[in-house]
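Everything on this sheet refers to the single structure shown next.
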Amino acid sequence: MSAAADPGGTPRVLVFSTINISDPGIDLAGSRHLEYPATVQTMAVPCSSGLKPSWLIHALESGFEGVFVASDGEECAYLPDCAERTAAIIDRAQAIMSERGIPASRLKMAALCSVCAEPFANYMREFSATLQQLRATASVA
């Protein structure tokens with residue numbers, strides 16, 4: 001059953017994380033037993049600038065209520081302009097989402113470093129709350 005079909009459940013979130021930078025921060029959040037929704041799932045990628053807008057949208061259309069891109073920011077080992085490229089990917093994905101009637105707020109991006117355990121947990125709690133509010137608003141409409 002998709003998360004959208006369970007109005008009382010915690011929204012499912014897919015996190016695209018980068019192997020060298022954001023993954024260690026996410027792992028640290030787990031090691032430190034920081035609280036964030038158990039419905040968060042991660043998928044590691046080498047570099048956030050290698051994501052395709054279609055992948056992000058596919059996740060949203062396949063049952064994830066939110067997609068979060070944990071980008072390398074300025075710390076990318078592959079490209080000096082990784083943050084700008086990733087932001088352009090997010091912009092393209094949100095333009096396609098708009099055409100399909102998918103709220104842009106279902107896709108978020110933030111730079112996440114290898115020791116950013118608390119920021120990651122905070123992002124996930126806040127994003128989940130935003131998605132629950134979006135769900136509640138959609139069910140009223």
Side-chain angles (χ1 to χ4, degrees), residues 1-139 141:
M1 169 172 27
S2 77
D6 181 9
T10 304
R12 289 180 59 216
V13 174
L14 178 61
V15 176
F16 285 98
S17 64
T18 59
I19 296 166
N20 295 324
I21 306 296
S22 59
D23 248 7
I26 293 168
D27 288 345
L28 183 58
S31 297
R32 292 183 55 202
H33 303 286
L34 299 178
E35 276 192 46
Y36 62 89
T39 53
V40 171
Q41 296 176 272
T42 62
M43 179 175 283
V45 295
C47 177
S48 56
S49 70
L51 293 171
K52 305 290 182 233
S54 61
W55 299 349
L56 308 176
I57 293 163
H58 177 74
L60 293 169
E61 292 178 338
S62 298
F64 287 96
E65 285 187 72
V67 172
F68 186 90
V69 176
S71 90
D72 284 345
E74 303 301 323
E75 297 180 23
C76 181
Y78 302 107
L79 297 166
D81 62 342
C82 176
E84 292 81 11
R85 289 178 186 224
T86 304
I89 291 164
I90 298 299
D91 288 344
R92 283 195 304 274
Q94 288 180 326
I96 296 166
M97 290 166 62
S98 176
E99 292 170 5
R100 296 184 184 185
I102 302 170
S105 57
R106 291 181 58 195
L107 174 61
K108 295 281 184 193
M109 178 188 100
L112 203 70
C113 71
S114 60
V115 294
C116 291
E118 288 185 27
F120 173 72
N122 288 337
Y123 285 137
M124 292 302 99
R125 287 191 301 267
E126 291 168 6
F127 192 32
S128 182
T130 297
L131 293 169
Q132 285 181 316
Q133 289 175 336
L134 187 63
R135 181 195 293 165
T137 303
S139 68

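Closest of all the heavy-atom pairs between Ser49 and Ile89 is O-CD1, 3.2 Å. Residues Phe127 and Leu107 approach most closely at CZ-N, 4.2 Å, considering heavy atoms. Across all their heavy atoms, Tyr36 and Ala121 have their closest contact at CB-O, 3.9 Å. In terms of heavy atoms, Phe64 sits closest to Val13 at CD2-C, 3.7 Å. Closest approach of Leu131 to Ser105, counting heavy atoms only: CD2-O, 4.3 Å. The two atoms that bring Ile19 and Ala44 nearest to each other are CG1-CB, 3.9 Å, heavy atoms only.
In this structure, Val15 and Phe120 have side chains that are in contact, with non-hydrogen atoms separated by less than 4.5 Å. Proximity of Pro103 to Leu134: side-chain heavy atoms (C-beta onward) are separated by under 4.5 Å at one or more points. Residues Tyr123 and Leu112 form a side-chain contact, since some pair of their non-hydrogen atoms from C-beta on lies under 4.5 Å apart.
No side-chain donor-acceptor contact under 3.5 Å links Thr18 to the backbone of Pro46. A distance-only check finds no donor-acceptor pair linking the side chain of Ser128 to the backbone of Met124 [under 3.5 Å]. At least one donor-acceptor pair closer than 3.5 Å links the side chain of Thr137 to the backbone N or O of Gln133.
Annotation: the span from Leu14 atom CG to Thr39 atom OG1 amounts to 11.5 Å, rounded to 0.5 Å. Atom CD of Gln41 sits about 12.0 Å away from atom OG of Ser17, to the nearest 0.5 Å. Rounded to the nearest 0.5 Å, atoms NE2 (His58) and NZ (Lys52) are 15.5 Å apart. Distance check: Thr10 OG1 to Gln132 CD gives 5.5 Å after rounding to the nearest 0.5 Å. Going from atom CD1 of Ile90 over to atom OG of Ser48 covers 8.5 Å, rounded to the nearest 0.5 Å. Going from atom CD1 of Ile96 over to atom CD1 of Ile102 covers 9.5 Å, rounded to the nearest 0.5 Å.
Under the salt bridge (charged side-chain N to carboxylate O under 4.0 Å, His left out) rule, Glu65 has a single partner from Arg12, Arg106, Arg135, which is Arg135.
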